[in-house]
Amino acid sequence: MPNMYESEGYETYGEAAFRNGLEAQLPAEGSVPRGHIPFDIENTTEGYDLAKATLTSPLDSTQVDLVTGKELYEIYCGICHGTKGDGKGNLVKREKILGIPSYDDAGRAITAGSIYHTIYYGKNSMGSYANQLNENERWQVVSYVLKLKADLEK
């Protein structure tokens with residue numbers, strides 16, 4: 001039984017004994033990647049408004065870690081939004097990106113839900129950070145952004 005000791009290798013996109021004749025297969029319908037938690041609110045204006053009005057953080061006060069939130073914020077957000085959330089990050093100062101409002105801008109009236117939706121899907125020229133931050137990290141950043149907003153409103 002030499003096949004037990006020396007298995008045959010298959011090329012990823014080569015021929016195989018599957019129904020469609022290929023070795024590479026799509027995941028089963030309805031499957032969810034390991035570690036991924038689906039976000040049920042759509043990437044639309046209506047979805048943003050729904051998140052803004054209804055979505056709240058699942059973290060209680062003992063789970064919020066502002067130190068971690070600050071570290072993640074400075075890595076992913078501060079370059080544009082500024083370390084104080086005033087919209088004056090280094091890229092804005094160098095005029096690489098323009099028009100980033102402050103977190104305390106009354107016209108925006110951001111909430112935990114709107115921040116989370118924006119991190120997950122992106123908004124305008126800001127891209128999504130769903131692949132860079134897991135769900136807990138996103139909520140830590142949301143908590144830190146809300147702290148920056150409160151600091152600006154003092």
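The basis for the numbers below is simple: all heavy atoms, side chains too, and nothing from hydrogens, waters or symmetry mates.
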Worksheet, complete the sentence: Those residues at least two apart in sequence (or on a different chain) that pass side chain to side chain donor-acceptor pair (under 3.5 Å) with Ser102 are Asp104
Worksheet item: If two hydrophobic side chains count as joined below 4.5 Å and joins carry through other members, does Ile97 share a cluster with Tyr129?
Response: no
Item to complete: State which residues pass side chain to side chain contact (heavy atoms under 4.5 Å, CB included) with Pro38; sequence neighbours excluded, sorted by chain then number.
Response: Val32, His36, Asp40
Discussion item. Applying salt bridge (charged side-chain N to carboxylate O under 4.0 Å, His left out), can you list everything that pairs with Asp151, at least two apart in sequence or on another chain?
Written reply: Lys147, Lys154
Practice prompt. For residues 55-75, pull every pair meeting ring-ring contact (aromatic ring centres under 6.0 Å, His included), keeping only residues two or more places apart or in separate chains.
Written response: Tyr73-Tyr144
Item to complete: Name all residues meeting the side chain to side chain contact (heavy atoms under 4.5 Å, CB included) criterion together with Gln63; count only those two or more places apart in sequence or in a different chain, and write none if there are none.
Response: Leu59, Asp60
Worksheet item: Can you tell me if CD on Glu42 sees more than 12 non-hydrogen neighbours from other groups inside 6.0 Å?
Response: no
Discussion item. Please report the interatomic distance CG(Leu148) to SG(Cys77), rounded to the nearest 0.5 Å.
Written reply: 9.5 Å
Discussion item. Strictly distance-based, threshold 3.5 Å: is any side-chain N or O of Thr111 a donor or acceptor partner for the main-chain N or O of Lys52?
Written reply: yes
Practice prompt. Applying side chain to side chain contact (heavy atoms under 4.5 Å, CB included), name anything that partners Ser125, two or more places apart in sequence or on another chain.
Written response: none
Worksheet item: Would you say Leu152 and Val92 are hydrophobically clustered, going by side-chain heavy atoms of ILVMFWY under 4.5 Å?
Response: no
Discussion item. Membership question, hydrophobic clusters at under 4.5 Å side-chain separation (ILVMFWY): are Leu55 and Tyr48 in the same one?
Written reply: no
Worksheet item: Which salt bridge (Lys or Arg N to Asp or Glu O under 4.0 Å) pairs, counting each pair once, include a residue from residues 124-138, with sequence neighbours left out?
Response: none
Worksheet entry | Pairs where residues 90-101 contributes a residue and the test salt bridge (Lys or Arg N to Asp or Glu O under 4.0 Å) is met, not counting sequence neighbours | none
Worksheet item: Heavy atoms, side chains only, cut-off 4.5 Å: are Val141 and Tyr76 in contact?
Response: no
Worksheet item: If every non-hydrogen atom of Gly47 is compared with every non-hydrogen atom of Ile41, which pair is closest and at what distance?
Response: O-CG2, 3.1 Å
Worksheet, complete the sentence: Smallest heavy-atom separation, Pro27 atom then Ser31 atom, equals CB-OG, 3.4 Å
Worksheet item: Are there more than 12 heavy atoms of other residues, nucleotides or ligands under 6.0 Å from atom CG of Leu26?
Response: no
Worksheet item: Is there a side-chain contact between Asn43 and Tyr120, using heavy atoms and a 4.5 Å cut-off?
Response: no
Show me the donor-acceptor pairs, under 3.5 Å and distance only, between side chains in residues 84-91 and residues at least two apart or in other chains.
| residue | atom | partner | partner atom | Å |
| --- | --- | --- | --- | --- |
| Asp86 | OD1 | Lys88 | N | 3.1 |

Worksheet item: Measuring from Asp105:CG to Glu153:CD, what's the distance to the nearest 0.5 Å?
Response: 10.5 Å
Worksheet item: Do Ile79 and Met126 belong to the same hydrophobic cluster, where Ile, Leu, Val, Met, Phe, Trp and Tyr are linked whenever their side-chain heavy atoms lie under 4.5 Å apart, directly or via other members?
Response: no
Worksheet item: Taking only residues two or more places apart in sequence or in another chain, which ones pass side chain to side chain donor-acceptor pair (under 3.5 Å) with Thr68?
Response: Asp65
Item to complete: Taking ring-ring contact (aromatic ring centres under 6.0 Å, His included) as the test, write out the residues that go with Tyr121, two or more places apart.
Response: Phe39, His117
Worksheet item: Residues two or more places apart in sequence or in another chain: which of them pass side chain to side chain contact (heavy atoms under 4.5 Å, CB included) with Ile110?
Response: Tyr103, Arg108, Ser114, Ile115, Val145, Lys149
